[in-house]
Visitor: 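Structure incoming, see below.
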Amino acid sequence: MSKRNYYDIDDILASQERVPCFLRTDLDGLGSAGGGGSSKVHRNSRWSLPFWMADRLNDEDYLDMQVSPVFSKQSNRMYAASPESVDLRNICQNYYQFGLQLSEVAPEVPHVLHNMYMTRIQKIARVAQQGNNVETLDFVQSLDKMEEDILRVCQHAQGAITAWHQNKAYALQKASVIHN
Amino acid sequence: MAVSSRQKEGFTMPELEYLAQCETVTIVPLHRMERLELVRGTVGPFRPPQKTQVPLWLAAMLKRTNRCRIVAPDWLRYEHLQKLCKQEEEPDSLFTKLPFHYLEIAHILLTVAEDDISESQGIRRLLQDLRESRQSKTLRGIEMLNPLQLQMDNLSAAEINEIRPLFRHSFNMLRQLDSLVLASEKSQQQSQYADQSYAGLEDSFVSSYPL
């Protein structure tokens, strides 16, 4: 796992996503970590762990980490069919970040991400330029966290020129509490 | 000095306007004045009604105090802009050639020297049309993004500022994805050709680079 973004809050949140794992040894007293209630977890059982935990334990060979269902072959094929209508917020809010982290173990993920990103970026840019309306509301609500950021930034950049044309761009303005 | 996050993303419009005011315009001074020696150069003696070249900030200042008349630059004429508009609207054309700060210069001149520019309303409309067709072209430029290079000639300063956050993010993302693909391909090759010499590995690495 790359250490360069150790302190990055987005990375931390993204690596919290759960992945299914296949345990290789008996683990005593750790049942609550996977979301279950029992305190003993047996060998060869399936368990769902956050990615940061699973990756480390995978390196130590305590378990076999498998690709999360968000990036399974079936999901990839489904999303590739129409990237623009995929509801990323419901599937996985940190889709892109999580995908970047998973790419180290799953080599087909970068292509999936690339495809998804290129098509959705164009739609985001178009929404930013032509403004938000009823038809695009569905799309805007389906963006994941990173795409929302991009949309907000784009909208601000687009609005900057028009605001300046109307002379609203200057920072110094009379305070609204002053009544003359 | 605290820099707001909005300022980190690029220039603000007032900053671009300030930068644009270094461009020269031609004026017709109304009063006689001697040479002005400024930091950036000398502004020559004013001998009305001879035309002189001055920086835009000085021209705007003089105009506001009624000491000069501004001559519209060549590109800020109605017919020229109409021609550029038609050229811009042709499908699959490149961006038309306009001065780098054309938006800001036009804004300043139209605010300060409206009486010196003929058909200012028409020019405003044409500038708006120009801007819209250029914007749709930048949208098409997004489709052509790749992590290596993207060339868009003749974009103006304000337009570049507009697209900077999006393109910066896209370039970063594409570069990350690209390096991940390369890393996984390289590790695959290393496991396949484990006993090949280093020179051989370099050759296969170069040939698999996506272009």
Side-chain angles (χ1 to χ4, degrees), chain A residues 2 4-5 10-11 95-97 99-131 144 146-173, chain B residues 4-17 103-104 106-107 110-111 124 127-128 131-132 134-136 138-147 156-170 172-174 176-188 210:
Chain A
S2 61
R4 63 198 146 108
N5 292 328
D10 286 327
D11 248 24
Y95 187 77
Y96 291 100
Q97 295 280 51
L100 284 176
Q101 287 176 357
L102 261 191
S103 307
E104 317 220 344
V105 287
E108 71 275 0
V109 169
H111 297 286
V112 172
L113 280 185
H114 188 268
N115 193 26
M116 189 79 110
Y117 186 77
M118 287 307 288
T119 33
R120 287 172 81 95
I121 273 288
Q122 288 172 35
K123 186 132 191 220
I124 291 178
R126 218 175 307 139
V127 167
Q129 262 189 14
Q130 292 159 2
D144 86 335
M146 190 191 79
E147 291 174 332
E148 270 179 1
D149 253 344
I150 300 179
L151 180 64
R152 216 178 329 131
V153 158
C154 272
Q155 277 177 335
H156 176 83
Q158 295 285 354
I161 292 193
T162 30
W164 169 72
H165 258 306
Q166 298 160 0
N167 287 327
K168 285 196 202 125
Y170 292 93
L172 292 176
Q173 280 164 4
Chain B
S4 77
S5 58
R6 294 295 171 216
Q7 282 173 311
K8 269 190 268 186
E9 283 158 10
F11 293 102
T12 63
M13 285 314 293
E15 283 173 6
L16 281 182
E17 194 181 320
L103 264 181
E104 297 91 288
H107 179 82
L110 285 171
T111 323
R124 267 186 242 259
L127 281 175
Q128 189 69 15
R131 207 168 93 73
E132 276 165 22
R134 279 168 153 240
Q135 264 184 344
S136 60
T138 53
L139 268 188
R140 247 181 296 142
I142 296 179
E143 295 168 24
M144 298 191 296
L145 276 176
N146 62 38
S156 78
E159 290 164 355
I160 293 181
N161 203 37
E162 221 178 355
I163 66 180
R164 182 180 288 125
L166 178 66
F167 278 54
R168 195 172 58 125
H169 196 279
S170 312
N172 278 339
M173 183 64 145
L174 287 176
Q176 269 181 323
L177 291 176
D178 212 40
S179 63
L180 283 171
V181 166
L182 277 180
S184 68
E185 277 181 10
K186 189 171 177 187
S187 62
Q188 253 180 6

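Chain naming here is simple, since letters A, B, ... match the order of the sequence lines and numbering starts at 1 in each. FYI, side chains are in, hydrogens and waters are out, and symmetry mates aren't considered; it's all heavy atoms of this structure.
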Visitor: Counting only heavy atoms closer than 4.5 Å, note whether A:Gln129 contacts chain B via side chain, backbone, both or neither.
Guide: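 It is the side chain, since no backbone atom gets that close.
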Visitor: Please classify the contact of A:Ile150 with chain B as side chain, backbone, both or neither, using a heavy-atom distance under 4.5 Å.
Guide: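 When you check distances to chain B, only side chain atoms of A:Ile150 fall under 4.5 Å.
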Visitor: Contact part of B:Leu16 toward chain A, heavy-atom cut-off under 4.5 Å: side chain, backbone, both or neither?
Guide: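 Neither part, no heavy atoms under 4.5 Å.
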Visitor: Examine whether an atom of B:Arg131 lies under 4.5 Å from a heavy atom of chain A, and if so say whether it belongs to the side chain, the backbone or both; otherwise answer neither.
Guide: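 Contact with chain A: side chain only.
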Visitor: Is the shortest side-chain N to carboxylate O distance from B:Glu162 to B:Arg134 below 4.0 Å?
Guide: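 Salt bridge flag = no for B:Arg134 with B:Glu162.
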Visitor: Tell me the salt bridge (Lys or Arg N to Asp or Glu O under 4.0 Å) pairs involving residues 109-121 of chain A, sequence neighbours left out?
Guide: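 Applying salt bridge (Lys or Arg N to Asp or Glu O under 4.0 Å) to every pair that reaches into residues 109-121 of chain A, excluding sequence neighbours, yields A:Arg120-A:Glu147.
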Visitor: Among B:His107, B:Glu17, B:Glu104, exactly one meets side-chain hydrogen bond (donor to acceptor under 3.5 Å, both in side chains) together with A:Trp164. Which residue is that?
Guide: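 So, applying the side-chain hydrogen bond (donor to acceptor under 3.5 Å, both in side chains) to A:Trp164 and each of B:His107, B:Glu17, B:Glu104, only B:Glu17 qualifies.
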Visitor: Show your working on side-chain contact (heavy atoms from CB on, under 4.5 Å) between A:Glu148 and A:Leu151 and close with a plain yes or no.
Guide: CA-CA 5 Å; A:Glu148 270 179 1; A:Leu151 180 64; 5.6 Å; no
